[in-house]
Structures are given as C-alpha cells and as structure tokens.
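One structure is given below, encoded as structure tokens.
This one's a predicted model, so the numbers in the text were calculated from it and none came from an experiment. Numbers restart at 1 for each chain; the letters A, B, ... are given by sequence-line order, proteins then strands.
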Amino acid sequence: MFTVLLEKTVDGQRYIDWLVSGLGWTLALAFFGWWIAIAIGVVVGIGRTVQNPFFRALARLYVEIFRNIPVLVQMFLWYFVLPELLPTTMGDWIKQIPPPWGTFFPALWCLGLYTAARIAEQVRAGIEALPRGQDEAAAALGLSGYLTYRHIILPQALRLIVPSLTSEVMGIYKNTSVALTIGLMELTAQARQISDATFQTFAAFGAATLIYLALALIAYQTMMLIDKAVRIPGTAPGREAGGSDFDDVKLESSLPNGMEVVK
Amino acid sequence: MQQERTVSPADPFPMVVVEHLVKRFGSFNALSDVNLKVAKGEKIVLCGPSGSGKSTLIRCINHIEKHDSGRIVVDGTELTDRICDVNNVRSEVGMVFQSFNLFPHLSVLENCMLAPMKVRGLAESEAHQRSMALLRKVRIHDQANKYPAQLSGGQQQRVAIARALCMQPKIMLFDEPTSALDPEMVKEVLETIVELAQDGMTMVCVTHEMGFAREVADRVVFMDRGSIVEEGDPSTFFRAPNTERAKAFLNQIIH
Ligand SMILES: Nc1ncnc2c1ncn2[C@@H]1O[C@H](COP(=O)(O)OP(=O)(O)OP(=O)(O)O)[C@@H](O)[C@H]1O
Ligand SMILES: [Mg+2]
C-alpha cells in the first residue's frame with residue numbers, strides 16, 4: 001500500500017524523503033516550541049500567583065490573549081501582519097528571510113507563545129493546589145518570596161502538573177500542522193504534496209497519520225517516565241499513571257472470585 | 001537552667017513584647033488589645049477555647065499574619081511591613097505547626113538544611129553537620145534520608161522541630177504541636193519539647209496538654225474571644241483559676 005513512497009520524485013528523491021524532511025520540521029517546531037512554551041509558561045504561571053497586582057494583571061492579560069485567539073489566526077498574525085506593523089526597514093528585513101526559515105520562525109514563535117499560555121494556566125493550577133502550610137512553613141523559616149518559589153513551590157507544583165502537561169506536549173506537536181498554512185513544508189504539507197503528485201491520497205495521508213500516532217505514543221510514554229522519575233518517595237502514585245496500575249492489581253486479585261461466580 | 005526558669009516577667013530586655021495588639025479579619029476582631037511579654041528563657045503555655053485567637057497571636061509574632069495595630073517587638077526588632085525586618089525576625093523565630101508542614105519533596109535532611117544554607121548562607125558541610133546533630137537530638141537521625149511521607153506523624157513533627165532548631169532561633173513558637181497526632185505519638189513529641197525547654201529555649205506553646213504545661217510552663221496564659229483573660233503560674237491556674245471563663249474552660253478539657 002505504501003510502496004508509492006519508495007518511488008522516485010521529479011527531483012530525484014523518493015517520496016519518503018519528503019515525508020522524512022516534513023517530519024524533521026514538525027519535530028523541530030514541536031521541540032523548540034516546547035522549550036519556549038515551558039520557559040514563558042512557567043514565568044507567566046508564577047506571575048498569575050504573585051502578590052503584586054501589576055504582574056498578576058500582566059500575566060492574566062497574556063493568558064487571555066494567547067489562549068483565546070485561534071492558533072490559525074495567531075499564525076497569520078505573526079507571518080502576514082507583524083511585518084506590516086513593524087517599521088518598514090525591519091518589516092522588509094523579515095520578509096527577506098529565505099524560505100524555510102522565513103516561515104519556520106513565525107511558526108515556532110506562534111506555537112511557543114500559544115502553548116505557553118496554556119502551560120501558564122497549568123502552572124497556576126499546580127501552585128494553587130499546594131497546601132497553604134507550605135508557604136507558611138517557608139515564611140516561618142525566613143525564606144524570601146523568591147527562595148520560596150524556587151525551592152518549595154515550583155518543585156512541587158511542576159511535579160503535580162506532569163500528567164496534565166502530557167496533553168500540552170501532544171497539543172503542540174499536533175498544532176505544528178497549522179504551520180502549513182503559512183507555507184512551512186512540515187509533515188502534513190509534505191503528505192499533501194505527495195498526494196498531489198501521485199494521486200495516492202490514502203497512502204500519503206495514511207503514512208502521515210501513522211507517524212503522528214507514533215509521535216503521540218512516544219510523547220505519552222516519555223511523560224509517564226518523567227512522572228515516575230520525579231515522583232516523591234512515599235507518596236501515592238499520580239492519578240493518571242498509577243491509578244490504572246492500581247486497578248490492574250485489584251483486578252488480578254479479584255479475578256479468582258469473579259471466575260468462581262462464573263462457574 | 002535553674003536561673004532561666006525563675007526569670008521574671010519584668011526582665012528589661014524581653015524576647016517578645018506585644019502591646020495593644022489588634023488583629024481583624026474583616027469586621028471580626030480576632031485579637032483585641034492583647035498585651036504580652038515573654039522574657040528570655042521563659043516558657044509560656046497558651047490555652048483557651050477554640051477560636052479564642054491563640055493561633056492568630058503566635059502567627060502575628062512572626063508576621064505570618066499581619067496585625068492591624070499595636071506593637072510587636074521581637075528581640076529588639078519591631079515588626080513593621082519592611083520585608084527585610086520581617087525576614088530577619090522570622091529567621092530568629094522558630095515555628096512548629098499543628099500539621100507539621102514539612103516539605104514533602106525534600107528528604108528529612110534537606111528539609112533541615114535548606115533554610116540554614118539559603119537564608120543564613122551556611123556552607124553545605126556545616127549545614128549538614130548542624131542538621132544531623134539536631135536530628136540526633138530529636139532521635140530521628142537514622143531516618144535522615146527518608147522523605148516526610150515515609151514517616152509517622154510523631155516522627156514528622158520531631159523533624160519539624162529539628163528543622164526549626166537548625167536556624168538556631170531565639171524563641172520557638174508551637175501551635176498545638178501534638179493535636180494532629182495519634183495518642184501513642186503525643187508522648188515522644190512532648191518529651192522532645194520538654195528537653196528543649198530544659199535546655200533553656202524561650203518558648204510559647206499553644207496546647208491543651210495539662211501535664212506538659214505543669215511540667216514546663218513558667219506561666220499559663222488563658223485567652224478567650226481575642227483577649228488574654230487570665231495568666232498565672234501553672235499550679236495556681238489549673239488548681240484555682242480566678243475567672244469564671246477559665247473555670248468553664250478547664251472543666252471542659254478535664255471532662
Ligand atoms: N484567615 C482567616 N480569615 C477569617 N477569619 C479567621 C482567619 N483565621 C482565623 N480566623 C478567625 O479568628 C478567630 C481566631 O482564630 P484562631 O485560629 O486564632 O483561634 P484558635 O484559638 O487558634 O482556635 P483553635 O483552638 O481552634 O485552633 C476564629 O474565630 C477564626 O474563625
Ligand atoms: Mg489554633
């Protein structure tokens with residue numbers, strides 16, 4: 001079924017090379033976008049919880065703007081609108097950036113900032129979920145606000161949100177496909193190009209689908225491993241990951257009884 | 001030791017001075033005009049019915065709760081809103097909470113070492129040494145590398161005491177340190193606090209453990225509805241309280 005992928009293209013490559021190149025751009029977008037998102041998301045998430053009303057408002061504004069505008073629109077804003085808004089020399093300079101990078105950077109920026117807004121909300125939820133006693137104990141020891149966030153609040157809040165960050169990891173790499181709308185030849189764009197060139201729509205998009213699914217699985221497993229690795233000794237396993245383990249155990253132990261009932 | 005137990009409340013350099021302290025939550029007066037002096041080396045047991053403001057008072061002493069008016073002076077430093085003052089005072093005042101409030105993501109040893117290193121700027125080796133010494137003092141040094149969730153309540157509370165002591169505080173505040181514990185663990189924690197008292201530590205302890213109060217307290221302070229109603233030495237207070245409110249309260253806790 002996928003044999004078409006091994007056929008030669010007009011430029012002397014094979015179609016599968018197109019897919020691999022697309023996968024490369026998809027991964028690059030997701031990977032670097034993720035680090036931008038984490039860095040900004042943690043800072044903004046903290047901003048949502050600090051005492052200072054100015055920083056709180058600023059962080060809130062960021063989240064509301066970047067979370068509520070559709071990614072597609074944000075993509076267009078960064079790519080088409082931003083160069084027009086900047087002073088002409090700077091705008092022209094941006095438009096001059098050669099092809100893959102001229103679309104890659106706006107897409108990277110767009111996905112990073114959008115995902116950051118979503119991560120910021122997770123971080124805020126994680127911080128607010130901590131018992132107030134933690135703050136108080138830190139304060140009673142004379143730890144400053146900065147030290148308290150750095151050593152007490154963040155390490156706990158970030159551990160707490162690992163399971164919910166899994167869906168953000170998956171979100172960012174799925175959203176990379178939106179970059180095709182500004183012309184970045186990532187995985188979906190390459191699949192469409194193959195489909196256009198060969199009329200093998202099913203093979204082209206089928207292959208892309210399988211790749212996306214494999215990526216999802218890898219992302220999920222990685223996050224599970226991270227969750228396990230950072231778990232605090234002596235605490236109950238996290239709801240998502242450990243909950244099912246626990247059910248399995250219960251299921252096994254209750255199996256004999258169940259079988260008896262069946263008999 | 002003997003000297004410190006007989007120190008008089010008229011000490012010219014008291015450890016804590018609380019004057020005309022008022023604390024409101026909205027329109028509710030949690031503390032109204034509270035006056036209290038704690039001399040160096042003095043041990044005070046604070047008791048009173050639920051909601052009388054005991055926790056609020058000791059939380060004001062290290063500014064976990066901001067007071068609305070009045071003065072609080074801790075070891076010569078008046079508590080104002082200046083952040084450096086607040087952090088300075090807090091690092092001199094140890095606090096032990098009812099619910100332990102250990103940092104669950106840090107080992108027992110790390111719980112103890114964090115503040116001495118980050119606030120006091122101690123070298124790691126020095127902080128380690130001090131922490132182990134104090135963990136040994138509360139007889140929990142063999143659990144130093146465990147995490148809080150792996151310890152019993154009594155063990156956790158002893159770690160919390162060691163953690164506070166690692167800052168070498170000038171005064172220790174205890175807010176019902178044993179009331180979240182199973183009965184069989186109360187003793188081990190009280191013994192630890194008694195030893196601390198015998199070492200001459202200044203302390204204010206909110207507790208309803210009367211045996212403990214008799215053994216340790218220089219003074220029992222009874223609070224009701226946000227004010228100090230009566231104070232006296234423990235034997236007099238428990239045997240023959242002056243006020244009706246204290247009588248009613250003591251009847252209740254004795255059953
Ligand atoms: N954060 C708060 N917001 C509003 N009211 C509060 C707050 N903290 C305490 N209070 C009120 O202040 C009063 C005194 O509370 P406090 O905790 O000091 O009492 P307590 O003597 O320690 O009681 P307990 O023995 O139950 O611990 C109570 O009526 C309580 O409801
Ligand atoms: Mg209380």
Quick check: are there more than 12 heavy atoms from other residues, nucleotides or ligands sitting under 6.0 Å from CD of B:E78?
yes

Heavy atoms of B:F103 and A:A137 approach each other most closely as CE2-CB, 4.0 Å

Minimum heavy-atom distance B:A149-A:P233, with the two atoms named:
CB-O, 4.2 Å

Neighbour count >12 (heavy atoms, 6.0 Å) for atom CD, B:E184
yes

For B:H105 against A:I152, the heavy-atom pair lying closest together:
CE1-O, 3.7 Å

Looking only at heavy atoms, which two atoms of A:A140 and B:M95 are closest? And how far apart?
CB-CB, 3.8 Å

Let's test your reading of the structure: which of B:P104, B:S99, B:S91 forms the most heavy-atom pairs below 4.5 Å with chain A?
B:P104

Go through B:L106, B:V93, B:N62, B:L114 and name the one with the most non-hydrogen pairs under 4.5 angstrom from chain A.
B:L114

Ordered numerically, the heavy-atom neighbours of chain A under 4.5 Å found in residues 167-178 of chain B are B:M167

By a 4.5 Å heavy-atom criterion (distance strictly below it), what part of A:L141 contacts chain B: side chain, backbone, both, or neither?
both

Crowded around B:R120 CZ? As in, over 12 foreign heavy atoms under 6.0 Å?
yes

Under 3.5 Å, side chain of A:Q134 to main-chain N/O of B:L102, donor-acceptor pair present?
yes

Might you point out which heavy atoms bring A:G142 and B:V119 nearest each other, and give the distance in Å?
O-CG2, 3.6 Å

For A:R67, is the CZ atom crowded, meaning more than 12 foreign heavy atoms sit under 6.0 Å from it?
yes

Do you know which two heavy atoms are closest between B:Q150 and A:G234, and how far apart they sit?
CG-CA, 3.7 Å

Measure the shortest side-chain to side-chain distance between B:R59 and A:E136 over non-hydrogen atoms and say whether it is less than 4.5 angstrom.
yes

With a 4.5 Å cut-off on heavy-atom pairs, point out which of B:R163, B:E92, B:K146 contacts chain A the most.
B:R163

